[in-house]
Amino acid sequence: MIEKTASEYNQVIKASKVLFEKKTKDYGTAWRILRLPSITDQIYIKAQRIRSIQEKGVQKVDEGIAGEFVAIINYCVMAMMQIDLMENTTMEMEYKDLEPLYDKCVQDTLELLQNKNHDYGEAWRTMRVSSMTDIILMKLLRVKQIEDNQGKTLVSEGVKANYQDMINYSVFSLIKLDFLTKGSE
């Protein structure tokens with residue numbers, strides 16, 4: 001089962017990366033101007049929209065929640081890249097220079113997923129997508145608190161681990177939503 005999860009993870013990430021590449025070609029790296037709290041707020045907006053649609057059972061904007069989970073994945077990767085690029089002040093970057101950073105972020109996140117999946121026995125497969133949405137929102141509130149504390153924690157993991165968990169819960173949600181067969185419709 002763990003091999004199946006890795007395969008599904010890689011398929012979701014591949015689709016997310018394709019969108020990231022296309023948006024990079026359309027918009028460049030305008031996201032480089034964002035400070036980490038601004039990226040966190042962007043992720044929050046996406047997660048809150050998902051929850052709102054789940055609670056209301058209807059949406060008025062013709063963009064499904066699968067696309068919002070993909071956006072959460074890509075914004076989390078952007079946040080981790082921003083952390084890695086903290087000393088680099090270059091605003092506009094070529095996709096070919098970002099691609100290895102993207103790949104490293106998602107590979108590190110996959111390794112975390114595999115370790116946790118081993119310990120938790122794929123418990124996520126029995127979870128509701130709405131619960132995963134709530135966990136993403138909780139992780140966002142944690143990140144906001146860490147950011148408000150200038151990154152200082154007493155016993156907690158830092159922001160990167162929370163971004164990785166949000167990626168993983170978004171991937172799990174997309175798998176449960178049958179994204180791999182339906183696509184981002």
Side-chain angles (χ1 to χ4, degrees), residues 1-27 29-31 34 38-81 95 98-99 101-103 105-114 116-117 120 122-143 162-185:
M1 190 65 108
I2 291 175
E3 291 80 26
K4 179 182 179 190
T5 299
S7 173
E8 292 169 325
Y9 174 91
N10 286 327
Q11 290 174 59
V12 169
I13 292 300
K14 182 179 179 183
S16 300
K17 184 178 170 184
V18 165
L19 183 62
F20 177 82
E21 179 182 8
K22 288 177 180 177
K23 288 204 175 209
T24 299
K25 289 178 179 175
D26 282 351
Y27 302 129
T29 52
W31 57 268
L34 298 173
S38 298
I39 297 174
T40 301
D41 285 343
Q42 274 300 125
I43 299 166
Y44 182 83
I45 289 167
K46 300 296 184 184
Q48 187 58 47
R49 179 171 184 266
I50 294 167
R51 183 173 171 157
S52 176
I53 292 168
Q54 288 170 337
E55 288 177 347
K56 293 173 184 169
V58 68
Q59 64 190 55
K60 291 193 174 189
V61 176
D62 190 29
E63 295 171 10
I65 64 171
E68 301 293 15
F69 281 117
V70 170
I72 290 171
I73 291 167
N74 282 334
Y75 276 117
C76 286
V77 171
M78 285 181 224
M80 291 189 295
M81 287 192 291
Y95 176 77
L98 290 174
E99 185 177 24
L101 296 173
Y102 190 105
D103 292 343
C105 289
V106 296
Q107 183 59 41
D108 290 349
T109 302
L110 173 60
E111 289 171 19
L112 176 66
L113 177 151
Q114 289 173 319
K116 287 188 175 187
N117 233 10
Y120 289 97
E122 300 239 320
W124 67 269
R125 288 199 183 267
T126 61
M127 292 176 66
R128 297 171 185 94
V129 173
S130 60
S131 296
M132 290 190 255
T133 302
D134 290 349
I135 291 169
I136 291 169
L137 285 162
M138 177 189 67
K139 297 265 177 202
L140 283 161
L141 294 174
R142 287 179 178 180
V143 169
N162 282 285
Y163 289 130
Q164 289 177 309
D165 285 345
M166 287 185 269
I167 289 172
N168 287 335
Y169 279 112
S170 294
V171 168
F172 296 155
S173 294
L174 287 166
I175 292 168
K176 292 196 63 97
L177 291 168
D178 212 15
F179 174 77
L180 299 173
T181 56
K182 291 181 183 174
S184 59
E185 51 193 49

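All residue numbers refer to positions in the sequence shown, counting from 1.
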Item to complete: Evaluate the criterion side-chain contact (heavy atoms from CB on, under 4.5 Å) for residue pair V77 and L101; output intermediate values, then yes/no.
Response: CA-CA 9 Å; V77 171; L101 296 173; over 6 Å; no
Discussion item. Go through it in stages, so that I can follow the logic: the residues are I135 and M138, the test is side-chain contact (heavy atoms from CB on, under 4.5 Å), and I'd like the CA-CA distance, side-chain angles, deciding distance and then a yes or no.
Written reply: CA-CA 5 Å; I135 291 169; M138 177 189 67; 4.3 Å; yes
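Rounding to the nearest 0.5 Å places CD1 of I43 at 11.0 Å from OG of S38. Taken from CD in E8 to CG in L174, the straight-line distance is 11.0 Å, to the nearest 0.5 Å. In this structure, CG on N168 lies 5.5 Å from OH on Y9, to the nearest 0.5 angstrom. Here CD of Q42 is found 7.0 Å from CG of L34. Values are rounded to the nearest 0.5 Å. Between K23 atom NZ and M78 atom CE the span is 8.0 Å, to the nearest 0.5 Å. How far NZ of K176 is from OG1 of T126: 7.0 Å, rounded to the nearest 0.5 Å.
Residues T109 and M80 meet the side-chain proximity criterion, which asks for heavy atoms closer than 4.5 Å. Between T133 and V129 there is a side-chain heavy-atom pair separated by less than 4.5 Å. Side-chain contact between L110 and Q107 is present, with at least one heavy-atom pair separated by less than 4.5 Å. No side-chain heavy atom of F69 sits less than 4.5 Å from a side-chain heavy atom of V12. Residues V106 and N10 have side chains not in contact (no heavy-atom distance under 4.5 Å, counting atoms from C-beta outward). At a threshold of 4.5 Å between non-hydrogen side-chain atoms, the residues T5 and R125 count as touching. Side-chain contact between I53 and E68 is absent, with no heavy-atom pair separated by less than 4.5 Å. Put simply, the side chain of F20 does not reach to within 4.5 Å of the side chain of I73, judged on heavy atoms.
Between K25 and E21, at least one side-chain nitrogen of the basic residue sits less than 4.0 Å from a carboxylate oxygen of the acidic one, meeting the salt-bridge criterion.
Of all heavy-atom pairs spanning L140 and A47, the tightest one is CD1-CB, 3.9 Å. Closest non-hydrogen pair, M81 versus Y102, comes out as SD-N, 3.8 Å. Of all heavy-atom pairs spanning R49 and G64, the tightest one is NH1-O, 4.0 Å. Here the closest non-hydrogen pair linking C76 and M166 is SG-CB, 3.7 Å. Across S16 and N74, no two heavy atoms sit closer than the pair O-ND2, 3.0 Å.
More than 12 heavy-atom neighbours from other residues, nucleotides or ligands sit within 6.0 angstrom of NZ on K17. The neighbour count for K22 NZ, taken as heavy atoms of other residues, nucleotides or ligands under 6.0 Å away, does not exceed 12.
Between F172 and W124, the ring-plane angle classifies as parallel under the 30° and 60° cut-offs.
Between the side chains of T40 and Y163, at least one donor-acceptor pair of N or O atoms lies under 3.5 Å. A donor-acceptor contact closer than 3.5 angstrom links the side chains of S7 and Q11.
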